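Here the structure comes first, spelled out in structure tokens, and everything after it is commentary.
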Number of protein chains: 2
Amino acid sequence: MYYKRTMGDDEGVSVQAIATTFEILETLRDRDGAGVTELATEVGVSKSAVYNHLSTLSALGYVTQENGRYRLTYGFLQLGLAIRERSPLYTASKSALQTLARTTNETVNLVVPEGTHGVYLYRVGGDEHPIPEGGQLALHASAAGKAILAFWDATRVKEFIEERGLPALTDGTVTDPAALRDQLRSIRDRRVAFDRGEQIPDWQCVASPVVVEGDPIGAVSVSGPADRMRGKRLEEDTTGLVVSTAKSIEISLLESDGRTNTV
Amino acid sequence: MYYKRTMGDDEGVSVQAIATTFEILETLRDRDGAGVTELATEVGVSKSAVYNHLSTLSALGYVTQENGRYRLTYGFLQLGLAIRERSPLYTASKSALQTLARTTNETVNLVVPEGTHGVYLYRVGGDEHPIPEGGQLALHASAAGKAILAFWDATRVKEFIEERGLPALTDGTVTDPAALRDQLRSIRDRRVAFDRGEQIPDWQCVASPVVVEGDPIGAVSVSGPADRMRGKRLEEDTTGLVVSTAKSIEISLLESDGRTNTV
DNA sequence: CCACCGCGTTTAGCCATAGAGAACAAACTT
DNA sequence: AAGTTTGTTCTCTATGGCTAAACGCGGTGG
């Protein structure tokens, strides 16, 4: 029995126990609770190992056991929200996004780049979005992602494409580098990006980037099911509102921010 | 050199590496980023140990390194928000709480019990609250906490008091068990709890519990600085709105919920 | 009613590995 | 340029994380 892990992704992982713990935690997140045996087979370690991890996490307050099943506690909410709260972009955007959600009557997202993917940092005005708040998204296949990519310099975009490729998430996903670059140029000029089912079928999206000192620290997007995001007037109006909201966030960031760092 | 940890809280911790990792993570959260040496002295382990932990966490995507400092990524947001999203109470409450925030023009909180403390599961309508969203609160020294305690049975309250005591957080904190029990009785009858600077000086609060099948799964609270939470009319109006909001959440939970579990 | 799973938990014990410590390199302050 | 201080790498070994096997219990079905 001597394959070490289920998968060989131990690149740079020097403390195995941590990798195991997070595999357990992620499984608990995805299944909304689980038992020891279940986790042991899923993660690929012995029952007693899982038990040790769980009891440790439980002693630390990150996991609870109720009626035989283990589940994550809100300790992770404390970790996650604390980081978000420290983001100047988030605090500067929040109320403007709420207003935008109310006037458009659609789901409004704040997306930030992290590494080579995007994160839904905040959402307001709807719960029907397929990717949950806090979840990740592909930068090349979403309006918000493209709005961010548009303000990266060419070499960085090149590296991004080389590293991640342009996998097709739907029929509409832009998979050709040249086509993507064309779009990015126009997005940079107009400050608007669109997504018509490139990320999720029948899901449309308008986004505008928030750029501080040339750096796209995030993007505001409005999204909804394709059948509701129709009509020229509405579309144009929404687009205008998204752009002006993003712009006003930029301005309020410049005002407040003398030396604090961005994002 | 043979004291093991800085503090001897290794009760039930059988995988030391996990405890170390979470100490590092919590330090990163509290300081909003830190360096290796800094963390090593703070946590009380060697630099190389910290380095190993950080590079592992970094490989797993929970930590990034930018310009020399390590900081938490939004991976924790994904863990934390995923749990919240699964809470029927949260999803059932959200829009009602937003409405409440708009009509009262004050900060509205949703608090849930976890173990022997409370957690601010959601907040809307203000950012001046001293305890951040996702943060913990003492059940005996807050309106929302007392609203929850009021619907625990006597033995559980007794155990709670024995385990945690009733530490005074301000001059106004209720520290006498008998006095607390008196308050709880009246809270259970009226379905309203008050906090006039018992948790934080000059910070007032009104709360009403959400009770499902006799179990207080959470509480709705409205809070603000003492000078703004004055005036009989406003106070009575607010109280009424809080109670009716909590009640309406109860009802919508009962409607949707046939067999799904609570909290 | 009892044998039988299945579960979470506990117990031994070996071997890997997590961590200490020192040496290194690069980025600073002086 | 010398002197600090940082992050990183290396080596080594006692620690502690992990496996395997056994335990106790609650539920199920014969």
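On a predicted model such as this, the values are computed, not experimentally measured, just so you know. Numbers restart at 1 for each chain; the letters A, B, ... are given by sequence-line order, proteins then strands.
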Is the shortest distance from a Lys or Arg side-chain nitrogen in Glu250(A) or Arg191(A) to a carboxylate oxygen in the other one below 4.0 Å?
yes
Atom-pair distance (CG on Leu57(A); P on dG17(D)), nearest Å
12 Å
Under 4.0 Å: is that the gap between some side-chain N or O of Tyr51(A) and OP1 or OP2 of dT11(C)?
no
What is the separation between atom CD1 on Ile18(B) and atom P on dG16(D), rounded to the nearest whole Å?
14 Å
Whole angstrom is fine here: how far is it from CG in Leu39(B) over to P in dG19(C)?
14 Å
Spell out yes or no: do the side chain of Ser46(A) and the base of dA20(D) have one donor N/O and one acceptor N/O closer than 3.5 Å?
no
Can you tell which of dA20(C), dT9(C), dT19(D) lies closest to the side chain of Ala49(A)?
dT19(D)
When rounded to whole Å, the CD to P distance for the pair Gln16(B) and dT15(D) reads 13 Å
OP1 or OP2 of dG8(C) less than 4.0 angstrom from a side-chain nitrogen or oxygen of Thr37(A), does that happen here?
yes
Taking the six-membered ring for Trp, are Tyr122(B) and Tyr90(B) parallel (under 30°), tilted (30 to 60°) or perpendicular (over 60°)?
perpendicular
Please report, rounded to the nearest Å, how far the P atom of dA18(C) is from the CD1 atom of Ile24(B).
13 Å
Classify the ring geometry of Phe22(B) against Phe22(A): parallel below 30°, tilted from 30° to 60°, perpendicular beyond 60°.
parallel
Using the side chain to side chain contact (heavy atoms under 4.5 Å, CB included) rule, take Leu25(B) and Arg29(B) through it: C-alpha gap first, then chi angles, then the decisive distance, then the call.
CA-CA 6 Å; Leu25(B) 291 172; Arg29(B) 149 162 63 75; over 6 Å; no
So, is Gln65(A) close to the dT9(C) phosphate, meaning a side-chain N or O under 4.0 Å from OP1 or OP2?
yes
How many Å lie between CD on Glu38(B) and P on dT6(D), as a whole number?
9 Å
Please check if any side-chain donor atom of Thr116(B) sits under 3.5 Å from a side-chain acceptor atom of Arg164(B), or the reverse.
yes
If you assign Ala17(A) and Gly35(A) each to the DNA chain C nucleotide with the nearest heavy atom, which residue ends up on the more 5' nucleotide?
Gly35(A)
Nearest to side-chain heavy atoms of Val36(A), which nucleotide of dG8(C), dG21(C), dG19(C)
dG8(C)
Taking only side-chain N and O atoms of His53(A), does any of them lie within less than 4.0 angstrom of OP1 or OP2 on dG17(D)?
no
Gap between atoms CG and P, on Leu54(A) and dT10(C) respectively (whole Å)
13 Å
Looking at Thr20(B) and dG19(C), is any side-chain donor or acceptor paired with a base atom of the opposite kind under 3.5 Å?
no
Side-chain contact check for Lys47(B): nearest option of dT19(D), dT6(D), dG19(C) is dT6(D)
Whole Å only: how far is the CG atom of Asn52(B) from the P atom of dT11(D)?
14 Å
